[in-house]
There are 2 protein chains.
Amino acid sequence: MEHALQKDFLGQEAQYLHNVSIDNVIFGYHEKELKVLLQQPFSKNKWTVTGGYIKKTESIEQAAARIAVERTGLRNLFLKQFHCFGNPERVKDRDFDAKSLSKATGLNIDPDSWMFDYFVSVGFYTLTEFSRVAIRKSEFEADCRWWPVGSIPPMLFDHKLIISEALEALRLHIAHYPIGYELLEEKFTLPEIHSLYETILSKKLDHRNFAKKLMATGILTKLDETRKIGAHRSPFLYKFNKAQYERGLKTGVELAF
Amino acid sequence: MEHALQKDFLGQEAQYLHNVSIDNVIFGYHEKELKVLLQQPFSKNKWTVTGGYIKKTESIEQAAARIAVERTGLRNLFLKQFHCFGNPERVKDRDFDAKSLSKATGLNIDPDSWMFDYFVSVGFYTLTEFSRVAIRKSEFEADCRWWPVGSIPPMLFDHKLIISEALEALRLHIAHYPIGYELLEEKFTLPEIHSLYETILSKKLDHRNFAKKLMATGILTKLDETRKIGAHRSPFLYKFNKAQYERGLKTGVELAF
DNA sequence: CAAATAGTGTCTTTTAGACATTATTAA
DNA sequence: TTAATAATGTCTAAAAGACACTATTTG
């Protein structure tokens with residue numbers, strides 16, 4: 001998050017680590033769409049993923065969680081570290097220089113500012129049901145909103161790469177670990193979780209084989225209730241068997257689709 | 001590498017990034033044993049993995065490669081980033097304080113030195129055939145040598161955790177990508193590569209099924225030569241089909257054992 | 001010719017994948 | 001009664017895994 005002129009950082013560099021930052025790719029799922037939360041630095045025409053700096057008193061995981069709370073208001077999000085980005089060129093961008101930043105913010109920004117240093121960024125991704133999120137735009141941003149992963153706007157620095165690596169990591173993760181706890185209601189139907197997997201993997205999955213495999217893992221419990229949908233038949237509701245789910249997160253669950 | 005008092009760092013902090021370091025777990029394979037290269041900071045009774053700092057002009061991958069060359073003399077090692085470690089407690093250690101460091105090095109080390117800062121460390125691992133390695137001990141180390149992964153000595157900071165996570169990452173990696181190019185001679189026998197896999201995975205593999213699976217990937221080419229071993233039958237030699245091997249590294253090769 | 005190791009093939013079980021029909025409900 | 005969707009089972013092909021014997025070489 002080498003771009004943001006966050007109020008809580010300016011003038012308070014001392015409490016943060018230097019040369020290291022967090023970039024947190026926040027994925028939101030809603031109605032069969034996978035989106036990513038992006039922010040637009042003040043008066044810029046490029047976008048960035050959400051990010052921030054690490055306080056000297058917190059771990060990188062805590063920093064990532066704090067940043068996610070600051071942006072979305074959601075606590076206890078599933079956070080996964082996926083890659084570390086570090087090379088001197090990554091924060092160089094035609095649309096990021098002292099002159100235009102000074103103009104945009106009204107602050108007098110030194111070309112030798114820490115902001116133009118080379119930052120090693122630890123990439124995390126987060127999953128959430130995006131309708132739960134109350135977006136909190138900081139005053140130093142022009143905008144903050146969800147973008148479909150299939151149509152990402154022009155990105156600052158290497159943030160396009162960060163998103164695509166996050167997505168790749170997520171798709172790899174989904175093949176080895178259970179997913180969905182953060183993305184679905186407490187109770188959900190088989191067609192709902194089926195759509196979730198299809199959306200994230202961006203491919204069609206045979207619904208019969210999908211149900212068979214998923215049920216075989218033991219992470220789902222079928223309930224006696226059905227969902228009353230407007231038309232036609234009411235599908236059964238399921239919920240996650242939390243104990244099995246947690247075990248799956250630890251030991252892995254093979255779900256190659 | 002938050003511990004080493006390397007000559008090329010002291011007094012030259014300006015050319016390095018702050019608060020970020022590289023820890024490079026160097027695995028060596030030789031005669032059915034997997035070892036890890038550890039160094040012992042000057043007059044300490046604890047060990048560390050090899051590590052170092054990142055120059056402002058280089059990427060983290062370049063830094064990791066440079067550090068590996070400095071330690072082993074080997075260029076073009078296979079380097080894999082596997083995890084990032086960052087929390088304020090990780091570099092606190094009873095055996096690491098200004099007083100004992102000053103005494104050990106003969107330098108006057110300030111308790112407020114950068115050395116005691118919280119460093120976020122990017123973990124890499126490296127593979128090599130350890131008999132090729134010319135260990136280069138720096139003058140600030142008491143010792144530098146290979147340790148079997150099964151019996152690691154007392155480690156400084158969180159380096160025991162770093163090694164075990166590196167090993168876990170390696171074992172995960174081996175199930176999805178070809179391995180061995182850096183660990184075997186150019187020409188090798190089936191029993192040799194079989195032992196390599198058994199050693200890394202730390203379990204017995206049926207040799208018939210192993211050969212079947214490995215040959216099915218197409219990464220091996222059988223040669224017309226045999227190895228003349230002292231007694232009994234001479235096994236055929238194989239080499240890697242580099243093109244297939246490289247493709248396997250990119251696209252993945254399923255080798256679940 | 002005996003001992004040690006290399007090399008290979010078959011059978012069984014399990015898993016993955018393709019595929020079609022029936023049941024339910026609301027309009 | 002029709003249209004829309006949910007639910008379920010079978011068959012086939014492929015892959016994984018268990019397992020045993022023969023061939024070669026050297027002393």
Side-chain angles (χ1 to χ4, degrees), chain A residues 31-32 171 174-176 178 180 184-185 187-199 201-239 248 251-257, chain B residues 31-32 171 174-176 178 180 184-185 187-199 201-239 248 251-257:
Chain A
E31 289 177 356
K32 305 192 184 182
R171 286 179 180 156
I174 209 179
H176 296 282
L184 299 166
E185 307 288 313
K187 298 173 182 179
F188 50 86
T189 66
L190 274 187
E192 281 164 4
I193 194 172
H194 178 231
S195 292
L196 170 65
Y197 274 77
E198 286 195 332
T199 301
L201 293 173
S202 181
K203 67 177 177 187
K204 286 273 164 225
L205 303 173
D206 181 280
H207 65 286
R208 293 155 291 194
N209 297 332
F210 175 82
K212 211 190 307 174
K213 263 188 174 174
L214 199 56
M215 291 311 291
T217 65
I219 60 172
L220 291 193
T221 305
K222 186 174 183 172
L223 303 176
D224 263 345
E225 317 160 53
T226 56
R227 169 154 293 168
K228 305 283 176 256
I229 316 183
H232 322 302
R233 172 163 188 189
S234 319
F236 279 99
L237 286 168
Y238 291 77
K239 65 173 184 178
T251 64
V253 161
E254 235 21 70
L255 273 174
F257 290 113
Chain B
E31 288 177 359
K32 305 191 184 183
R171 285 179 181 155
I174 208 179
H176 297 282
L184 298 167
E185 307 287 313
K187 298 172 183 179
F188 50 86
T189 67
L190 274 186
E192 281 164 4
I193 194 171
H194 180 231
S195 293
L196 170 66
Y197 273 78
E198 286 195 333
T199 302
L201 293 174
S202 181
K203 67 176 176 188
K204 287 272 164 226
L205 303 173
D206 182 279
H207 64 286
R208 294 155 291 196
N209 297 332
F210 176 82
K212 211 191 307 174
K213 262 188 176 175
L214 199 57
M215 292 310 292
T217 65
I219 60 172
L220 292 193
T221 305
K222 187 174 184 173
L223 302 176
D224 263 344
E225 317 160 52
T226 56
R227 170 154 292 168
K228 305 283 175 255
I229 317 182
H232 321 303
R233 172 163 186 189
S234 319
F236 278 99
L237 286 168
Y238 291 76
K239 64 173 187 178
T251 63
V253 161
E254 234 22 68
L255 274 174
F257 289 112

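Below, chain A is the first sequence line, B the second, and so on; all start at residue 1.
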(message) Tell me whether H194(B) contacts the main-chain N or O of A211(B) through its side chain, where contact means a donor paired with an acceptor under 3.5 Å.
(response) no
(request) Mind calculating the distance between CD (E225(A)) and C1' (dA6(D)) to the nearest angstrom? (result) 17 Å
(request) Measure from the side-chain N and O atoms of K213(A) to the backbone N and O of E254(A), and report whether any donor-acceptor pair falls under 3.5 Å. (result) no
(message) Whole angstroms only, please: what is the CZ-P distance between F210(A) and dG9(D)?
(response) 18 Å
(request) Would you mind reading off the distance between M215(B) atom CE and dG9(C) atom P, rounded to a whole angstrom? (result) 13 Å
(message) Quiz question: going by heavy-atom distance under 3.5 Å, is there a donor-acceptor pair between the base of dT8(C) and the side chain of H207(B)?
(response) yes
(message) Less than 4.0 angstrom between a side-chain N/O of K204(B) and OP1 or OP2 of dA18(D), yes or no?
(response) no
(request) Starting from C1' on dT5(D), measure out to CZ on F236(A) and report it in whole angstrom. (result) 14 Å
(message) Please give me the minimum heavy-atom distance between L220(B) and F188(B), naming the atom from each residue.
(response) CD2-CZ, 3.7 Å
(request) Remember a base hit wins even if backbone is also touched, and classify K213(B) as base, sugar-phosphate or nothing at under 4.0 Å, heavy atoms. (result) sugar-phosphate
(message) As a test of reading the structure: which of dA6(C), dT25(D), dA6(D) is closest to the side chain of P235(B), going by heavy atoms?
(response) dA6(C)
(request) Measure from the side-chain heavy atoms of D206(A) and tell me the nearest of dA18(D), dG7(C), dC19(C). (result) dC19(C)
(message) Rounded to whole Å, please give me the gap between NZ in K212(B) and C1' in dA15(D).
(response) 9 Å
(request) Would you verify whether the NZ or CZ of K203(B) falls within 45 degrees of the ring axis of F257(B) while also being under 6.0 Å from that six-membered ring's centre? (result) no
(request) Starting from C1' on dG7(C), measure out to CG on D224(B) and report it in whole angstrom. (result) 16 Å
(request) Let me know the distance between CZ of R208(B) and C1' of dA15(D), rounded to the nearest Å. (result) 17 Å
(request) Quickly work out the E192(A) CD to dA7(D) C1' distance and round it to whole Å. (result) 15 Å
